[in-house]
Amino acid sequence: MGRFRFITAGESHGKGLVAVIEGLVAGLPLTEEYIALHLRRRQAGYGRSARMQLEDDRAEIISGVRHGLTIGSPISLLICNRVWQEWQETMSILPTNKEVELITSPRPGHADLAGMIKYGMGDIRPILERASARETAARVAIGAVARRFLEEFGIDVHSHTISIGDHRAKQGAAADWQRVEKSPVRCANAEAESAMMKAIDVAKAEGDTLGGIFELVVTGVPIGLGSHVQWDRRLDGQIAQAVMSIPAVKGVEIGAGFALADIKGSQAHDIIEPKLKRTDALWRRATNRAGGIEGGISNGQPIVVRAAVKPIVTLRKPLPSVDLRSGKATAAHYERSDICVVPAAGVIGEAMLAIVLADAMLDKFGGDSLKETLTNYRSYIKSIPS
Ligand SMILES: Cc1cc2nc3c(=O)[nH]c(=O)nc-3n(C[C@H](O)[C@H](O)[C@H](O)COP(=O)(O)O)c2cc1C
């Protein structure tokens with residue numbers, strides 16, 4: 001992270017989540033309603049737990065915005081946890097004399113065991129509270145701020161579900177984003193959508209869970225974000241880290257990704273075509289196997305990123321585990337849990353990608369006000385040789 005920096009705080013069943021963003025320009029129109037829209041998109045999705053209906057997340061803007069415009073100071077956001085009321089005792093900030101149930105049978109696949117040992121705890125609760133993907137609500141709020149900024153430059157970030165379990169959407173035509181937004185599983189393909197929903201129903205009935213793959217597509221990205229000159233300035237590397245940091249994401253590929261390993265060089269790259277008009281800003285490509293990034297730099301084609309999401313760890317029919325107090329075999333801990341989060345993970349992926357791109361735009365075009373950044377951007381676009 002360079003210019004656009006952020007940090008989140010908060011436990012899953014604590015008072016709430018807090019986010020602080022630093023480095024954004026002044027003069028950007030920003031409202032709580034805009035952020036709420038994206039928080040709702042994260043909460044939707046077939047296969048989420050009942051908590052999603054309970055929460056109805058809303059981020060309150062605490063600082064950094066005046067009269068509907070950012071003022072260049074840190075933007076802080078607060079998302080209150082509506083479940084706090086029921087959890088006040090278990091998550092009490094003050095010392096308590098009440099007996100609180102200890103969780104001591106770690107779930108394989110979660111941070112439970114390693115986290116408990118690392119932080120010297122006799123209880124898994126403090127680990128699972130922060131390891132929980134509840135934290136990603138704060139990231140989606142931050143991502144909404146980043147995408148509000150990107151919109152000023154005509155950059156749009158989308159996500160859709162490619163697969164859930166072994167049910168895959170047909171690939172080929174560009175996704176219909178309006179359909180995706182209406183789909184309970186964020187799938188562009190009607191046939192695959194109903195198979196995915198059925199698979200989620202079956203998994204739920206069997207006390208099991210499902211993973212899958214989501215795809216992120218960003219349009220309107222100018223040539224020249226990121227750089228080839230240093231490893232940590234490569235845009236592909238930054239995107240991979242940001243998307244991989246989403247809980248349950250276990251694989252990230254850009255463009256044709258892993259499929260490139262199977263084909264010859266003559267078939268793997270994107271032929272540069274002559275311009276139709278000399279004045280066209282972009283060099284067209286016959287294909288986009290590079291997913292919009294070559295040599296760590298955006299090349300003006302849509303950025304395409306895919307991520308593999310593992311099946312949810314907490315199972316109603318728990319996996320075998322060990323009680324860490326007695327050392328004896330027992331079932332892993334269970335509490336209310338999602339069945340499939342691939343659609344929500346896509347929305348979180350959008351947020352992480354928007355954050356990386358907002359940072360890259362600020363790195364390339366600088367500026368302390370939106371006006372200054374837009375002026376720098378426009379003069380750069382004009383300077384691209386035609
Ligand atoms: C939107 C979203 C919701 C999630 N909900 C749950 C859940 O209800 N139960 C669960 O066990 N894991 C859930 N996870 C996954 C865990 O947070 C994740 O697997 C765990 O923290 C271990 O991290 P790792 O899988 O990245 O290694 C969710 C992930 C995402 C992205």
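Counting starts at 1 for both ligands and their atoms, in listed order.
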Every pair of nitrogen or oxygen atoms between ligand 1 and the protein that is under 3.5 angstrom apart - can you list them with their distances to 0.1 Å?
unit_1   : atom_1 : unit_2 : atom_2 : d
ligand 1 : 5 (N)  : Asp338 : OD2    : 2.8
ligand 1 : 8 (O)  : Ser337 : OG     : 3.1
ligand 1 : 8 (O)  : Asp338 : N      : 2.9
ligand 1 : 8 (O)  : Asp338 : OD2    : 3.2
ligand 1 : 9 (N)  : Ser337 : OG     : 2.7
ligand 1 : 11 (O) : His110 : NE2    : 2.9
ligand 1 : 11 (O) : Thr314 : N      : 3.1
ligand 1 : 11 (O) : Thr314 : OG1    : 2.4
ligand 1 : 21 (O) : Ala131 : O      : 3.3
ligand 1 : 25 (O) : Ala248 : N      : 3.3
ligand 1 : 25 (O) : Lys310 : NZ     : 2.8
ligand 1 : 26 (O) : Ala248 : N      : 3.0
ligand 1 : 26 (O) : Lys250 : NZ     : 3.3
ligand 1 : 27 (O) : Lys250 : NZ     : 2.9

Inset, instruction - Kindly write out the residues that satisfy side-chain hydrogen bond (donor to acceptor under 3.5 Å, both in side chains) with Lys382, not counting sequence neighbours, or none if the list is empty. - result: none
Inset, instruction - Report the residue from Val313, Leu319, Leu315 that forms a side-chain contact (heavy atoms from CB on, under 4.5 Å) with Pro108. - result: Leu319
Inset, instruction - Ignoring hydrogens and angles, state whether a donor on the side chain of Ser227 or Arg234 is under 3.5 Å from an acceptor on the partner side chain. - result: no
Legend entry - Distance in Å, Ile297 CD1 paired with His228 NE2, rounded so as to fall on 0.5 Å steps: 5.5 Å
Legend entry - Partner residues of Asn189 under the side-chain hydrogen bond (donor to acceptor under 3.5 Å, both in side chains) criterion, sequence neighbours left out: none
Inset, instruction - With sequence neighbours left out, write down each residue that passes side-chain hydrogen bond (donor to acceptor under 3.5 Å, both in side chains) with Asp156, or none if nothing qualifies. - result: none
